[in-house]
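One structure is given below, encoded as structure tokens.
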Amino acid sequence: MPYATITIDRDFTVADVPRRLFGSFVEHMGRCVYTGIYEPGHPRADERGFRQDVMELVKEMGPTVIRYPGGNFVSGYRWEDGVGPQEDRPVRIDGAWHSIETNAFGLHEFVDWAREAEVEIMEAINLGTRGVEAARSLVEYANHPGGTYWSDLRRKNGAEDPFDIKLWCLGNELDGPWQIGHKTAAEYGRLAQESAKAMKLVDPTIELVAVGSSNRQMPTFGSWEHTVLTHTYEEVDYVSMHAYYQEHDGDAASFLAEGVDMDAFIDGVISTIDAVKAAGKHTKQVNISFDEWNVWYQRGLETEDQPHQVARDWKTHPRLIEDTYSVTDAVVVGTLLHSLLRHGDRVRIANQAQLVNVIAPIRSEEGGPAWRQASFWPFARMAALARGQIMQLSLVSDQVSTKKFGEVDAVDAAATWDEERGKLALFVANRSLEEDGEVSLKLPGFTARSIASAEVLCVPEGGDRHLANVEDNQDAVTLVPLQEVGIQDGRVQLKLPALSWAVVEIDVESA
Ligand code: AHR
């Protein structure tokens, strides 16, 4: 049975919990917008076409910030197509996803939706086919109070007050040859620098994210960030990271350890940022926006169930990459969130990709129901309970063997301390596929009073690790009370089922 000791000392904190770490992503892709968050005529849609069944699940999941409108989509997008009277908006080809974009949903609709969902907007601009002029016009349209061409057009289109969007992505994945308007690092670095300058001349209060590598395997990873930041360091606040993980050839052990890869990837990008900072004698600190991450089974562009990705026909909202997430996937999602939280001093924004239907924790059917995937739960609980300070962990764990990473800790964790509420939250996973685990939590500087709540996501009785929530069995995988947890001699002791993710809230006093 894997055994782990975790020590959390009251005096050793990492940083305040960046609330933007619990972000998500809505792209005009597949059925994320159309028949996801927006479906006029659906029995649960309001007069604006916003699906209220989906809205309720979004609010329950609790994302804090949502990136929009892409993704690869944004690199061919004209934002002007999505504003003004709906009947006048042009129908366009979306080259990124071989789809038809009706533009029925655009910036005003997203702002209204985001206000209702109580999320901050993170707006991406098109630096694939467009550039400085379109970028600064969009900032003026969105954020300038009025009395100018673009701000008055916004008012004419029904929004008297500025949208006041603070967070902006300077394009998407422009290092990738698949990207419309793909660029070299130097080409992108210069364009991003000039776009950033022009955008900040319109609104100096905005925060900007430069595009980093599309993934750690990109041949240009490292040099891309170095070149881009050398051009943009003074103008931007963040550099982006993207990573998707999947189980290969039934190797669940390696898959469950992908948090190790995420840790190393983040550490690598931090090193590059700081090298550029030192070489350029900069004093400000650029941080990380991990604005796409998730489990994604990348089965190539054409699959049996989703043939239209490279199809000859053009559809308005084809089914694209609608992955179904199992218990195993949910545990991995939990560990990826641990990695992001442990790095919360430098990863200040993160967006799970995406929100609905497209590799998403929420699924919906056209005219039908909406439900939570297994991966919904770790996100929802961490978004709700990770408050206050991120705590440094000293974790000594028995090991599990993996093909990809060698020996790794069987137990993986992250923790936060909310001094105001007197609550310590421990997020913890058991990566062992066969054996239950035991965790002993030492809390120097704290007095543990009681267990406020304890829940676990694991393989239910009679199920297996591939069990998932589907339309006709929507709650097969859910959180259940963690049975064996208690306080003995000032230590919190808990038993974790094999292959599980758990959250334990402890009432603590500062000793
Ligand atoms: O999230 C799906 C796609 O993955 C995004 O459009 C793109 O940025 C990434 O490659």
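Quick caveat, the model's predicted, so the values are computed rather than measured. The figures here come from the full heavy-atom set of this structure, side chains too, leaving out hydrogens, waters and symmetry mates. Read the numbers this way: they start at 1 and go in the same order the structure lists the ligands and their atoms.
A distance below 6.0 Å separates the ring centres of Tyr68 and His28.
Scanning the protein for heavy atoms near atom 7 (C) of ligand 1, the closest one is Asn72 OD1, 3.2 Å. Looking at atom 9 (C) of ligand 1, its nearest protein heavy atom turns out to be Glu292 OE1, 3.0 Å. Closest to atom 2 (C) of ligand 1, if we only count protein heavy atoms, is Gln354 NE2, 3.5 Å.
Remark: ligand 1 atoms within the under-4.0 Å shell around heavy atoms of Tyr244 are 1 (O), 2 (C), 4 (O). The ligand atoms of ligand 1 that sit less than 4.0 angstrom from a heavy atom of Glu173 are 7 (C), 8 (O), 9 (C), 10 (O). Near Gly71, with a cut-off below 4.0 Å to any heavy atom, the atoms of ligand 1 are 5 (C), 6 (O), 8 (O).
In Asn172, the part holding a heavy atom less than 4.0 Å from any atom of ligand 1 is the side chain. By the criterion of a heavy-atom distance under 4.0 Å, neither the backbone nor the side chain of Trp293 is placed next to ligand 1.
A donor atom on one side chain and an acceptor atom on the other are found under 3.5 Å apart for Asp267 and His343.
Arg31 meets the salt bridge (charged side-chain N to carboxylate O under 4.0 Å, His left out) test with Glu322, Glu365; sequence neighbours excluded. Here Asp291 pairs with His242, Ser289 under the side-chain hydrogen bond (donor to acceptor under 3.5 Å, both in side chains) rule; sequence neighbours left out.
The closest approach between any non-hydrogen atom of Phe73 and ligand 1 is not below 4.0 Å.
Shown here is Lys59, whose NZ atom has more than 12 heavy atoms of other residues, nucleotides or ligands within 6.0 Å.
Contact record, Ala124 with Gly70: CB-O, 3.3 Å, taken as the closest heavy-atom pair.
Considering both main-chain and side-chain atoms, Glu27 comes within under 3.5 Å of ligand 1 through a nitrogen or oxygen pair. Of the polar atoms of His242, none of the N or O atoms is found under 3.5 Å from an N or O of ligand 1, judged by distance alone.
Classified by interplanar angle (parallel below 30°, tilted 30° to 60°, perpendicular above 60°), the ring pair Phe265/Phe221 is perpendicular.
Ionic pairing of Arg136 and Glu140 is not present here: no N-O contact between side-chain nitrogen and carboxylate oxygen is shorter than 4.0 angstrom.
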